[in-house]
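We count ligands from 1, going down the list as the structure has it; atoms in each ligand are counted the same way.
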Amino acid sequence: MNDQIPVIAIDGPSGSGKGTISRLLAQRLGWHWLDSGALYRLVALTAQHAAVSPDDAAALAVLARQMRIAFPVVEGQGKVVLNGEDVTSAIRDEACGALASRVAVLPEVRDALLDLQRRFRVLPGLVADGRDMGTVVFPDAALKVFLTASVSARADRRWKQLREQGVDANLNSLYRDLEQRDARDRQRTVSPLVCAADAVKIDSTDLDIDGVLGRIMTLVLDRGIAGS
Ligand SMILES: Nc1ncnc2c1ncn2[C@@H]1O[C@H](COP(=O)(O)OP(=O)(O)OP(=O)(O)O)[C@@H](O)[C@H]1O
Ligand SMILES: Nc1ccn([C@H]2C[C@H](O)[C@@H](COP(=O)(O)O)O2)c(=O)n1
């Protein structure tokens, strides 16, 4: 039974910093990391490659179950490999994120990814980030964090992130995209983005990355979830 293996669930809206914080936290603890959003992005990319409609729930679920995924670390960089192809950059573009948000509303797709996500729970522990880590996938997580930030702060961060990658993005359209994505993630009927009743809410609007990480590490140590 792997329910003895500790999980820290970090949920929140797009751009709140879940991925950055979870990766750093997993590194700090020496635990595994699950970026569940990457799985939905991989379904979206697979659907695009196979010319499957984002509304064809049954076909998408079949694709989701057939995906061969690996997360190797190459020269210190985490990579995402889908059916033998390096798709690390391809899954990160805004169009793929928007399509992922669409396929993620489908219960058949969510169901197809459930066991896959739970298989990441291996010793010594797992930091899992997404929208429903604390509510659906790991409801028994030792610590649940709901990370938020204002839409303006998130749009600004995304704009800077894209600029660093050499992508010329428009701040207003990023703001609108985030609002749309938030609405879809919060309003879907299955596993909507909600703060679990037993989650600790952290608003990172006025906190830097070290500030957020420091707060979570304090919770981890106070609760005796990990040694250091
Ligand atoms: N507290 C913070 N202060 C400033 N910048 C931050 C903070 N947290 C994250 N960032 C930056 O914001 C950007 C978005 O963060 P990240 O990709 O981790 O968000 P996310 O919630 O995982 O988004 P998504 O759900 O869309 O994958 C990154 O460039 C990251 O470095
Ligand atoms: N546990 C999850 C993770 C992600 N999604 C959906 C919602 C997002 O719009 C999309 C991409 O996620 P991101 O990489 O931006 O974190 O996937 C979800 O529904 N449940």
Side-chain angles (χ1 to χ4, degrees), residues 9-26 33-45 47 54 60 64 78 80 87-88 90-107 109-114 116-118 120 127-139 141 144-165 167 169 174 177-194 196 202-216:
I10 304 193
D11 289 306
S14 192
S16 56
K18 306 175 302 294
T20 306
I21 298 296
S22 312
R23 183 174 46 79
L24 291 172
L25 183 63
W33 171 40
L34 166 62
D35 169 8
S36 63
L39 303 182
Y40 288 93
R41 287 170 183 263
L42 285 166
V43 176
L45 191 70
L60 290 169
V80 183
V87 294
T88 315
I91 61 161
R92 288 296 149 207
D93 75 34
E94 295 301 309
C96 189
L99 194 56
S101 170
R102 279 185 67 187
V103 302
V105 304
L106 302 168
V109 170
R110 304 199 74 83
D111 198 47
L113 293 179
L114 195 56
L116 174 61
Q117 293 174 88
R118 290 186 174 148
F120 282 82
V127 181
D129 88 77
R131 306 295 189 289
D132 59 346
M133 297 298 99
T135 50
V136 175
V137 183
F138 304 110
K144 300 177 188 179
V145 172
F146 194 79
L147 193 57
T148 62
S150 68
V151 184
S152 302
R154 290 186 281 132
D156 202 43
R157 288 173 190 171
R158 185 67 82 214
W159 182 78
K160 286 187 184 136
Q161 186 181 33
L162 290 169
R163 207 183 44 173
E164 278 162 19
Q165 294 163 0
V167 179
L174 286 174
D177 288 349
L178 279 173
E179 280 189 318
Q180 275 175 10
R181 184 104 69 92
D182 284 358
R184 194 156 41 219
D185 292 347
R186 287 179 203 278
Q187 288 165 11
R188 65 174 175 238
T189 43
V190 183
S191 305
L193 171 66
V194 284
I202 298 179
D203 184 337
S204 76
T205 306
D206 298 313
L207 287 174
D208 63 10
I209 291 169
D210 280 347
V212 177
L213 202 53
R215 287 208 186 176
I216 298 178

Report task. Test Arg188 against Asp132 for salt bridge (charged side-chain N to carboxylate O under 4.0 Å, His left out), laying out the working first. Result -> CA-CA 12 Å; Arg188 65 174 175 238; Asp132 59 346; 5.4 Å; no

Query raised in the report: Do side-chain atoms of Asp11 reach the backbone of Gly134 as a donor and acceptor pair under 3.5 angstrom?
Result: yes

Report task. Run through ligand 1 for me and note each protein residue having a heavy atom under 4.0 Å from it, chain first, then residue number. Result -> Pro13, Ser14, Gly15, Ser16, Gly17, Lys18, Gly19, Thr20, Arg41, Arg131, Arg157, Arg158, Gln161, Leu207, Asp208, Ile209, Val212

Query raised in the report: For Ser150, does its backbone N or O pair with a side-chain atom of Thr205 as donor and acceptor, under 3.5 Å?
Result: yes

Report summary line: Rounded to the nearest 0.5 angstrom, the CZ-OG distance for Arg110 and Ser36 is 8.0 Å

Query raised in the report: Do Ile10 and Ile216 have side chains that get closer than 4.5 Å, going by heavy atoms?
Result: yes

Query raised in the report: When rounded to the nearest 0.5 angstrom, what distance separates CG in Leu213 from CG in Leu207?
Result: 11.5 Å

Requested in this report: Working to the nearest 0.5 Å, report the span between CG of Leu193 and CZ of Phe146.
Outcome: 4.0 Å

Query - Donor-acceptor side-chain pairing of Thr20 and Arg157 below 3.5 angstrom - result: no

Report summary line: Value for CG (Leu114) from CG (Leu39), rounded to nearest 0.5 Å, stands at 11.0 Å

One pair per line, please: each N/O atom of ligand 2 matched with every protein N/O atom under 3.5 Å away, atom names first, then the distance to 0.1 Å.
{"residue": "ligand 2", "atom": "1 (N)", "partner": "Ser36", "partner atom": "OG", "Å": "3.0"}
{"residue": "ligand 2", "atom": "1 (N)", "partner": "Arg131", "partner atom": "N", "Å": "3.2"}
{"residue": "ligand 2", "atom": "1 (N)", "partner": "Asp132", "partner atom": "OD1", "Å": "2.9"}
{"residue": "ligand 2", "atom": "9 (O)", "partner": "Arg181", "partner atom": "NH1", "Å": "3.4"}
{"residue": "ligand 2", "atom": "9 (O)", "partner": "Asp185", "partner atom": "OD1", "Å": "3.4"}
{"residue": "ligand 2", "atom": "9 (O)", "partner": "Asp185", "partner atom": "OD2", "Å": "3.2"}
{"residue": "ligand 2", "atom": "14 (O)", "partner": "Arg41", "partner atom": "NE", "Å": "2.6"}
{"residue": "ligand 2", "atom": "14 (O)", "partner": "Arg41", "partner atom": "NH2", "Å": "3.4"}
{"residue": "ligand 2", "atom": "15 (O)", "partner": "Arg41", "partner atom": "NH2", "Å": "3.0"}
{"residue": "ligand 2", "atom": "15 (O)", "partner": "Arg131", "partner atom": "NH2", "Å": "3.4"}
{"residue": "ligand 2", "atom": "15 (O)", "partner": "Arg181", "partner atom": "NH1", "Å": "3.2"}
{"residue": "ligand 2", "atom": "16 (O)", "partner": "Arg131", "partner atom": "NH1", "Å": "2.8"}
{"residue": "ligand 2", "atom": "16 (O)", "partner": "Arg131", "partner atom": "NH2", "Å": "3.4"}
{"residue": "ligand 2", "atom": "19 (O)", "partner": "Arg110", "partner atom": "NH1", "Å": "2.8"}
{"residue": "ligand 2", "atom": "19 (O)", "partner": "Arg110", "partner atom": "NH2", "Å": "3.4"}
{"residue": "ligand 2", "atom": "19 (O)", "partner": "Arg188", "partner atom": "NH1", "Å": "2.8"}
{"residue": "ligand 2", "atom": "19 (O)", "partner": "Arg188", "partner atom": "NH2", "Å": "2.9"}
{"residue": "ligand 2", "atom": "20 (N)", "partner": "Arg110", "partner atom": "NH2", "Å": "3.0"}

